[in-house]
Amino acid sequence: MATADTAHYDFAAIESKWQQKWLTENTFKVSEDQDREKYYLLEMFPYPSGRIHMGHVRNYTIGDVVARFKRMQGYNVLHPMGWDAFGLPAENAAIKNATHPAKWTYENIDYMRGQLRQMGLSYDWDRELATCNDDYYRWEQLFFIELYEKGLIYPKITVVNWCETCQTVLAREQVIDGCCWRCDQGVEPREMNGWFFKITDYAEELLAECDNLQGWPEKVLTMQRNWIGKSIGAQVDFAIEGRHDTLTIFTTRPDTIHGATFMSIAPEHPLVAALTKGTAQEDAVADFVKRTTIAKQRQKAGEELDKEGVFTGAYAINPYTGDKLPIYTANFVLMEYGTGAVMAVPAHDQRDFEFAQKYDIPIKVVIQPEGEALDPAGMEEAYEGPGKLVNSADFSGMLSEEAKKSITAKADKEGFGQQQVTYRLRDWGVSRQRYWGSPIPMIHCQKCGVQPVPKDDLPVTLPKDVSIDSSGKSPLHSLESYYKTCCPKCGGQARRETDTMDTFVESSWYFARYTCPDYTDGPLKKEAVDYWLPVDQYIGGVEHAILHLLYSRFFTKILRDLGYLTINEPFTNLLTQGMVIKDGFKMSKSKGNVVDPAELIGQYGADTVRLFSLFAAPPEKDLEWNDQGVDGAYRFLNRVYRFIISNQDLLKNNPSLPTELSKAGQALHRKTHQTIAKVSQDIDGKFHFNTAISAIMELNNTLSSMTSGDQKQVPEKGVITEAVDAILQLLAPMVPHFTEELWQLLGHKEELTMTPWPSFDKDAAKEDEITLVVQVNGKVRSRLQVEAGIAEETIKKMALADDRVQKFIEGRDIRKVIIVKNKLISIVV
RNA sequence: GCGAGAGUGGCGGAAUUGGUAGACGCACUGGAUUUAGGAUCCAGCGCCUUUGGUGUGGGGGUUCGACUCCCCCCUCUCGCACCA
């Protein structure tokens, strides 16, 4: 510890001292305790990329403040940490550095664990887990098999983006202008067999339960709802002229069906080839399909292709009108949504309108908006709103909403259609042709087909003795010792599935495994999950608003249905923290605006870095990084430090509060309790750490100005002690090392971590003197110092007699006087 | 295009059952102290034509009183994006 006249506190010594103590004493270890109320606080676990960045610092600081705050409030707080350790970057790093993904990953974990400890985060390190360990992923292999048995996992052949050079499948975002992001070679569509989770079975529940997630930001819920994308409409079969098969379409506007003048189907639709085979159109259509496929692949995100299509030569019959409608294949129809085919109503759908104009197809109005008469000849765009039906046989005269029901009912009754609910949500494809992931526990037998690995044989361990070459190809596909196996059913020779699981599978249930990370009798220990789950507060970046959070919600529901959990939703409250920005951009290596937390911690200490990241912005907003702001945080801590050091003797005997207080004593006592109230409210549930810190700064400013040399009246020792204790207690969750050290220095026996959060005295916080604002015609003209609760008549007299007020009311009629109790008096002249 | 959110000093941000706009901090300016300081302390700090006026993206409205409520418009950020 430094001496009194030193300007800076010795953060390095203090921080390592307390970190050592927390580590060796296992201070934050918790277990189930039925007598205490639990609080499960979780931050999204990191990918072990190498070193922590500012985003981590911010995320984990926010979480740690809440954890420490709740602990001081008396909760049994579960606050774990682990590693989302599988994934592609490890393979890329392995190629680049000629190492092994496992080595790279475990080294990163070791390094980053040290960095997190340097931040003074209050984790129960006994619960640390890494998803690349087989004692973790073995359980998701078990889930996989159980879900397969329940029919919630199935294999499907899909078209994927395949890079022949790299021998791998590419995700949509890895295809850049139709080429591989890594080798820049052309990407081709390829049919591949993959495993799918039937998340669509849960679409309705996932959607409905959004309404119950009151602790989630509305923004995230909206994104989830849109992603699930429920629409209610009708499915209708159109007969195809001269053929026995039918064309089934989905529409949300059955009310417009009498206005259909053509049909459009997706280029990939199986009927396209069937309808044109051997006809004059065959070549033209095939050419169009090929061109469109390429164009779609090259299509950049956000880009819309010009509407284009080609006539197939076939006609569909509108079951309502008997009209013969030409069937086009069009580039804007999506195979993956609805049935991949739509009826086209140019008068009431903008896309169809544009298409009809281009190809000179008739436009038929069947909806008339109120007070307007649409004329097909004069229309410049489709009318998509509601209205009254016209040209619609028996349905003419109905309003859109009624017509939707009646028209669908007719289809249902006559057997050519029915009401249909459609979701945008697709089943979750989890197969990855990657090495560094959890093996999919399936076996392919020529004779018996697909067989799950027997549960007793789990885990299917990812072989470590492989080398990763620069091709990017997973070594598992050619590793004979791995894929060569026996069929569990017939015992014959069989091939093991060589794909691994999407890493999102691991992160979909880790929060549950934290409750019993060492449990070996199963994935989840009932007593542990029942006590700890759900997570009370989850904190992480908004970039996970859709996928990770949706998959976790889905996993919670399937684990419930498998009997492992009893909860419906994993995260009661969600806080999505903003990004860390510098010079207007998100910190990134490519922008060159990265600030390394390690350097800052070395320069200022963890407490300062924590304090600044809390103070600079409220957590849900982006944080603009400012090096000078860090200085400010550091200066504040030093001011507190110097005050305590220089008043050590006064504070050390821990004087108690006198019964009679001087005026100065009363004022400081009041400010202390007002600050306790403000900080408690700001942290609890609101997470307004920035305003909490500014309130503590105010208290500190009051304290130092009241006790500086030239004051006539200084507060009593007991009041000063109370204020100093409050400052340390209120700061404790944010700057834990700093406050512990000073707390100990002041002679407190119990660690601050274990000390209850201070309570505030309502009476003490009450103001007895108030500044009353006097307004004339809505403008502030004067201020009055009055006692609280003074009579309104007295106030009125005082205000009217005030010199500054007199100037503005002299010689005018007073029309009205409005008094807002303890706030202001407004005179209208 | 659709959906959500946001526009307040030089900067980060405070303040909304309508009631002192700019808390707290950064930067800046002046002073003190110091061998020196990027340390510390004191004072000042929205703008203007400063006994006053004006000001929370712009315009209008309600009100004694509007950052806050209502209407119109502009800008920015994020998400989705040919979803039939």
Side-chain angles (χ1 to χ4, degrees), chain A residues 5-8 217-227 229-231 233 249-253 256 264 296 299 301-307 330-334 336-345 348-352 354-355 384 422-424 542-543 545-546 578-579 581 611-612 615-618 620-633 635-636 638-639 642 688 690-698 700-701 704-705 708-710 771-783 804 807 815-829:
Chain A
D5 54 14
T6 308
H8 305 272
E218 200 49 47
K219 176 184 174 170
V220 175
L221 292 174
T222 306
M223 283 163 74
Q224 295 234 331
R225 288 190 185 105
N226 291 343
W227 191 261
K230 179 181 182 176
S231 6
I249 60 102
F250 171 73
T251 180
T252 54
R253 293 297 302 274
T256 64
S264 15
K296 279 196 170 180
Q299 193 178 359
E303 190 182 35
E304 203 165 290
L305 297 174
D306 283 339
K307 305 228 169 354
N331 63 351
F332 63 89
V333 182
L334 307 170
E336 58 280 7
Y337 184 76
T339 60
V342 291
M343 65 172 192
V345 185
H348 306 294
D349 182 285
Q350 186 58 27
R351 292 157 301 187
D352 299 343
E354 286 168 29
F355 194 87
E384 298 186 332
T422 300
Y423 299 92
R424 289 183 51 188
V542 73
E543 66 272 20
I546 300 176
M579 290 184 300
I581 304 284
L611 188 68
F612 175 71
F615 182 57
E620 66 279 4
K621 288 185 72 171
D622 285 350
L623 186 157
E624 172 75 37
W625 191 263
N626 177 346
D627 291 339
Q628 285 153 333
V630 183
D631 263 321
R635 279 204 289 264
F636 168 66
N638 279 306
R639 273 199 293 275
R642 279 194 303 271
H688 289 180
N690 55 334
T691 49
I693 293 165
S694 75
I696 301 168
M697 286 174 167
E698 276 188 63
N700 188 59
N701 291 347
S704 49
S705 68
S708 64
D710 51 352
T771 307
L772 206 62
V773 172
V774 187
Q775 294 184 341
V776 180
N777 282 358
K779 292 204 161 42
V780 179
R781 297 302 181 186
S782 185
R783 294 181 167 89
R804 314 242 299 268
K807 230 163 55 186
R815 297 218 330 247
K816 214 198 250 178
V817 176
I818 297 151
I819 296 177
V820 181
K821 206 171 172 242
N822 290 346
K823 279 224 167 111
L824 62 69
I825 168 164
S826 182
I827 302 162
V828 188
V829 296

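It should be emphasised that the depicted structure is a prediction, and the values quoted were computed from it without experimental measurement. First the proteins, then the strands, lettered A, B, ... as listed; each starts at 1.
- rU16(B) makes up no base pair with any nucleotide shown, lacking Watson-Crick or G-U wobble contacts both under 3.5 Å.
- Spacing of C1' atoms, rG65(B) relative to rU77(B), comes out at 33 Å, to the nearest Å.
- A gap of 32 Å separates the C1' atoms of rC72(B) and rC83(B), to the nearest Å.
- When rounded to the nearest whole Å, the span between CD of E218(A) and P of rA6(B) equals 12 Å.
- Considering only the side chain of S694(A), rA23(B) comes nearest among rU54(B), rG13(B), rA23(B).
- Spacing between atom NE2 of H8(A) and atom C1' of rU40(B) amounts to 9 Å, rounded to whole angstrom units.
- Whole-Å rounding puts the R225(A) CZ to rC80(B) P distance at 17 Å.
- Of the possible polar contacts, one joining the R253(A) side chain to the E384(A) backbone as a donor-acceptor pair under 3.5 Å is found.
- Considering only side-chain atoms of T222(A), the nucleotide from rG53(B), rG3(B), rG12(B) that sits closest is rG3(B).
- For the side chain to side chain contact (heavy atoms under 4.5 Å, CB included) criterion with I819(A), the lone passing option out of L772(A), L824(A), I825(A) is I825(A).
- For M697(A), counting side-chain heavy atoms from C-beta on, the closest listed nucleotide (rC24(B), rC83(B), rG19(B)) is rC24(B).
- At a threshold of 4.0 angstrom between heavy atoms, the contacts of V817(A) with the nucleic acid are absent.
- E698(A) comes within 4.0 angstrom of sugar-phosphate atoms only, judged by non-hydrogen atoms across all strands, and of no base.
- Aromatic ring centres of F636(A) and F615(A): separated by at least 6.0 Å.
- In this model, no side-chain donor or acceptor of K219(A) finds a partner on the base of rC78(B) within 3.5 Å.
- Residue S264(A) is out of contact with every strand shown, counting any heavy-atom pair closer than 4.0 Å.
- Nearest to the side-chain atoms of W227(A) among the listed nucleotides rG19(B), rC80(B), rG25(B) stands rC80(B).
- Across all strands shown, D352(A) has no heavy atoms under 4.0 Å from either base or sugar-phosphate atoms.
- Proximity of S231(A) to the phosphate of rA84(B): a side-chain N or O atom is located under 4.0 Å from OP1 or OP2.
- Within the nucleic acid shown, D622(A) comes within 4.0 Å of sugar-phosphate atoms alone, with no base atom in reach, counting heavy atoms only.
- Residue K621(A) contributes atom NZ, which lies 18 Å from atom P of rC76(B) at whole-angstrom precision.
- Straight-line distance from the NZ atom of K816(A) to the P atom of rU63(B): 10 Å, rounded to whole Å.
- Residues L623(A) and R639(A) each lie close to RNA chain B; by heavy-atom proximity, the contact nearer the 5' end of the strand is made by L623(A).
- Atom-to-atom distance recorded for T256(A):OG1 and H348(A):NE2 is 7.0 Å, nearest 0.5 angstrom.
- The base-pairing partner of rC82(B), taking Watson-Crick or G-U wobble contacts with both distances under 3.5 Å, does not exist among the strands shown.
- Taking 4.0 angstrom as the limit, N226(A) places none of its side-chain polar atoms (N or O) nearer than this to OP1 or OP2 of rA4(B).
- Taking atom C1' on both nucleotides, rC45(B) is separated from rC24(B) by 15 Å, rounded to a whole Å.
- Looking at the side chain of R424(A), the nearest of the listed nucleotides rG13(B), rC83(B), rG53(B) is rC83(B).
- The pair E218(A)-R225(A) meets the salt-bridge criterion, with a side-chain N (NZ, NE, NH1 or NH2) lying under 4.0 Å from an Asp/Glu carboxylate O.
- Applying the 4.0 Å criterion to OP1 and OP2 of rC83(B), one finds that R351(A) has a side-chain N or O inside that range.
- Rounded to whole angstrom, the span from the CD1 atom of I819(A) across to the P atom of rG19(B) amounts to 18 Å.
- A pairwise comparison of heavy atoms in N700(A) and R639(A) identifies ND2-CB, 4.2 Å as the closest pair.
- The pairing partner recorded for rG10(B) is rC26(B), the criterion being a Watson-Crick or G-U wobble arrangement whose two distances lie under 3.5 angstrom.
- Closest contact between the side chain of F332(A) and the listed nucleotides rG53(B), rG12(B), rA84(B) involves rA84(B).
- Between the C1' atom of rA84(B) and the NZ atom of K230(A) lies a distance of 18 Å, rounded to the nearest Å.
- Across all strands shown, rG46(B) is found opposite rU54(B) as a Watson-Crick or G-U wobble partner, with both distances under 3.5 Å.
- Within the shown strands, nothing qualifies as a pairing partner of rU68(B) under the Watson-Crick or G-U definition with both distances less than 3.5 Å.
- Note on K307(A): a base of the nucleic acid sits closer than 4.0 angstrom, heavy atoms only.
- Contacts of S826(A) with the nucleic acid, taken as non-hydrogen atoms under 4.0 Å apart, include base atoms.
- Regarding Q628(A), its CD atom lies at a distance of 13 Å from the P atom of rG12(B), rounded to whole Å.
- N690(A) contributes no side-chain N or O that, together with a main-chain N or O of A617(A), makes up a donor-acceptor pair within less than 3.5 Å.
- Along RNA chain B, the nucleotide closest to Y423(A) and the one closest to G632(A) are compared, and the more 5′ of them pairs with G632(A).
- Across all strands shown, the partner of rA4(B) is rU77(B), judged by Watson-Crick or G-U wobble contacts whose two distances both fall under 3.5 Å.
- With N331(A) contributing its side chain and D306(A) its backbone, the two residues share a donor-acceptor pair below 3.5 Å.
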